[in-house]
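Input: a single structure, listed below in structure tokens.
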Amino acid sequence: MDLQNLEPPHHHQTKYQDELSSGTPVTDSSDVDDASQDEKFDSERSSERASIQVCKSYFDGALKGSETLAMVAKCIEAKGFTDDYRNCSRYCNTARQSRSVGTRETIKLNALEFVSMDLQNLEPPHHNRAKNQDELSFGTPVTDSSDVDDASQGEKIDAERSSEIASIQVCKSYFDGALKGSETLAMVAKCIETKGFTDDNTLFAQSVCPDEINHEVGDVTNLFTEYLGEVFHMGGLAGLPFTGKTGFAAFSHHVPDDGHCFVLMAPHIGISDSHRLGAYSRDGCTSESTACGAAIAALNHCCAGKRIPSLSADPSDYQMNFLIHQMCSRWAAVANKETENHRQAALASHLWDAAKGMLDEIVNTDFGGKTSKLLVLTGIQINMPRPCEDMFQPLTFDLHLKDGTVVDIYEETFGREKPAPFAQDSPEDDPELW
């Protein structure tokens, strides 16, 4: 798009076409408004052109993001790079479609729709439904050449539904109170909007592990970003808020005048197709991988009795070394659990405890105006096997006021008491359940 070739507004086009047809100027009551609109349009165009000139005068070869993507995509696709490994059959495809609209209202409506969706009441495929309706109308079974395919498709749907239900049962047996990301958003939105938080006056930050499975469309991280707008990233390995006090100060001072801040903090844990905690079946991979890999590596380092690394010895791997330091005082409580699933659930809980302790030292209300407030939602993100929507176990939700008061709004939001963060009463590993 060339700024100099932008067409005038459509209502101007219509007026000019009428003038050409009649041969005389067409005047109406909107002429003054049109002139004002033209001046505003020309001013914005001049400002945009000047901004681009300033940018390119200091940064030779600078491109728009869209131009960069187009050039890179053209090059790398010729070298065999694609996104074809991704499995697009995931339940959150609905969220993926909603993202193309990208409006706060659409995201909220989809969240409310997800909340009301019951896996056990999903309707059969449309072609099956139509056939069943014909049977009801004529009173006799309708058979056609697709019966075998329909039966096979029905078995596949039933198998996927059973697997999804089993995966959710496994998740909730270890993470009490866990919710789908869409359910979490709907409950949080309902509560905070009554307290004056909107996408116009609230800036969003999240402290979440950078693992790509935590940032898929439909995840709680993505849903909150779409709902509130832009996002500031505070997290590093395992979701610990490594940006620290400086990072939070930078983020909070971006807030609108008299605006508010919202922070989401969540370490994560995967559940694989075989219902192993701490593992994940990634797209395109034949074997399961660890999740959270950094946390498990830190735990294994401590369990093996290896030397605790100096935080200053290797700056290139500071975050991992810090994670090992956090784990060295916790690993025994994790390793003493009876089964591997118990250990992985406990590891996620201890990670949350470490991250929460760091976050409490970082956040404050030294930003905005006299009425500015801070929301802090913490929990554990659970990466579910496909086709499940990822889950989130909310553990704390606090409202920080300017006078230093901290109001616990967990029960108001989620309608229940806080769950115990540590998985001490996890169920025994029952092979029949898995």
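Starting from 1, each residue takes its place in the sequence as its number.
Residues Ile192 and Thr413 form no side-chain contact, since every pair of their non-hydrogen atoms from C-beta on lies 4.5 Å or further apart. The closest side-chain heavy-atom distance from Leu311 to Tyr318 is below 4.5 Å. Taking the side chain as every heavy atom from C-beta outward, Gln344 and Ile269 approach each other to under 4.5 Å. Counting heavy atoms from C-beta on, the side chains of Leu185 and Val220 never come closer than 4.5 Å. Under the 4.5 Å side-chain criterion, counting only non-hydrogen atoms from C-beta, Leu395 is in contact with Ile380. At a threshold of 4.5 Å between non-hydrogen side-chain atoms, the residues Asp390 and Glu216 count as touching. Put simply, the side chain of Glu412 does not reach to within 4.5 Å of the side chain of Phe397, judged on heavy atoms. Looking at heavy atoms from C-beta onward, Glu44 lies out of side-chain contact with Asp42 at the 4.5 angstrom threshold.
In this structure, the side chain of Thr290 does not engage the main chain of Cys292 through any donor-acceptor pair within 3.5 Å. Looking only at distances, no side-chain donor or acceptor of Lys373 sits under 3.5 Å from a matching main-chain atom of Lys402. One N or O on the side chain of Asn201 and one on the backbone of Thr198 form a donor-acceptor pair closer than 3.5 Å. Not one N or O on the side chain of His342 forms a donor-acceptor pair closer than 3.5 Å with the backbone of Glu338. In this structure, Ser57 contributes its side chain and Val54 its backbone to a donor-acceptor pair below 3.5 Å. Side-chain atoms of Arg343 come within 3.5 Å of backbone N or O of Lys337 as a donor-acceptor pair. Without hydrogens or angle criteria, His301 side chain to Arg307 main chain gives a donor-acceptor distance under 3.5 Å.
Rounding to the nearest 0.5 Å gives a distance of 11.0 Å between SG of Cys171 and NZ of Lys180. For the atom pair Lys356 NZ and Leu240 CG, the distance stands at 13.0 Å (nearest 0.5 Å). Rounding to the nearest 0.5 Å places CG of Asp366 at 7.5 Å from OG of Ser252. Note that the CG atom of Leu277 and the OG atom of Ser272 stand 8.5 Å from one another [nearest 0.5 Å]. The CG atom of Asn341 sits 4.0 Å away from atom OH of Tyr174, with the distance rounded to the nearest 0.5 Å. Here the straight-line distance linking atom CZ of Arg276 with atom CD1 of Ile271 works out to 12.0 Å at 0.5 Å rounding.
Heavy atoms only, all atoms of each residue included: Gln319 and Gly236 are closest at OE1-CA, 3.4 Å. Contact between Ala238 and Leu351 at its shortest, heavy atoms only, is CB-CD2, 4.0 Å. Minimum interatomic distance between Cys303 and Trp331 (heavy atoms only, all atoms of both residues): SG-CE3, 3.7 Å. Closest non-hydrogen pair, Asp273 versus Glu288, comes out as N-OE2, 4.2 Å. Closest non-hydrogen pair, Leu377 versus Pro394, comes out as CD1-CB, 4.4 Å. For the pair Met384 and Ser167, the tightest heavy-atom approach, listed with the atom from each and the gap, is CE-O, 3.4 Å.
Within 6.0 Å of atom CD in Glu230, 12 or fewer heavy atoms from other residues, nucleotides or ligands are found, so the atom counts as exposed in its surroundings. Atom CG of Asp257 has 12 or fewer heavy atoms from other residues, nucleotides or ligands within 6.0 Å.
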Could you go through the side-chain contact (heavy atoms from CB on, under 4.5 Å) check for Leu399 and Lys195 one step at a time? CA-CA 10 Å; Leu399 174 64; Lys195 303 182 186 302; 4.1 Å; yes

So Gln393 and Gln381, side-chain contact (heavy atoms from CB on, under 4.5 Å) or not? Walk me through it. CA-CA 6 Å; Gln393 182 194 31; Gln381 184 174 356; over 6 Å; no

Given Met265 and Val208, is the side-chain contact (heavy atoms from CB on, under 4.5 Å) satisfied, shown in steps? CA-CA 6 Å; Met265 186 279 290; Val208 179; over 6 Å; no

May I have the step-by-step check of ring-ring contact (aromatic ring centres under 6.0 Å, His included) for Phe197 and His260, ending in yes or no? CA-CA 7 Å; Phe197 288 81; His260 314 298; 4.6 Å; yes

Pair Leu264, Phe392 - check side-chain contact (heavy atoms from CB on, under 4.5 Å), show working. CA-CA 11 Å; Leu264 168 67; Phe392 177 77; 3.9 Å; yes

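Side-chain contact, Glu389 with Ser182: a donor N or O sits under 3.5 Å from an acceptor N or O. With 3.5 Å as the limit, one finds no donor-acceptor pair spanning the side chains of Asp219 and Asn214. A side-chain N or O of Thr405 and one of Asp403 form a donor-acceptor pair less than 3.5 Å apart. Looking at Ser316 and Asp314, their side chains do bring a donor and an acceptor atom within 3.5 Å of each other. In summary, the side chains of Thr221 and Gln206 do not present any donor paired with an acceptor at a separation below 3.5 Å, with no hydrogens or angles considered. No donor-acceptor contact under 3.5 angstrom links the side chains of Thr82 and Glu77, judged on distance only. Side-chain polar atoms of Thr378 and Thr396 form a donor-acceptor pair below 3.5 angstrom.
Contacts of Lys172 classified as salt bridge (charged side-chain N to carboxylate O under 4.0 Å, His left out), with partners at least two apart in sequence or in another chain: none. Under the salt bridge (charged side-chain N to carboxylate O under 4.0 Å, His left out) criterion, Lys418 pairs with Asp408, sequence neighbours left out. For Glu361, the salt bridge (charged side-chain N to carboxylate O under 4.0 Å, His left out) criterion is met by no residue, not counting sequence neighbours.
Using a 30° and 60° split on the angle between ring planes, His215 and His233 fall in the perpendicular class, above 60°. Under the 30°/60° scheme for interplanar angles, the aromatic rings of Tyr227 and Phe224 are found to stand perpendicular.
Remark: of the listed residues Phe232, Phe262, Phe204, Phe232 is the sole one forming a ring-ring contact (aromatic ring centres under 6.0 Å, His included) with Phe251.
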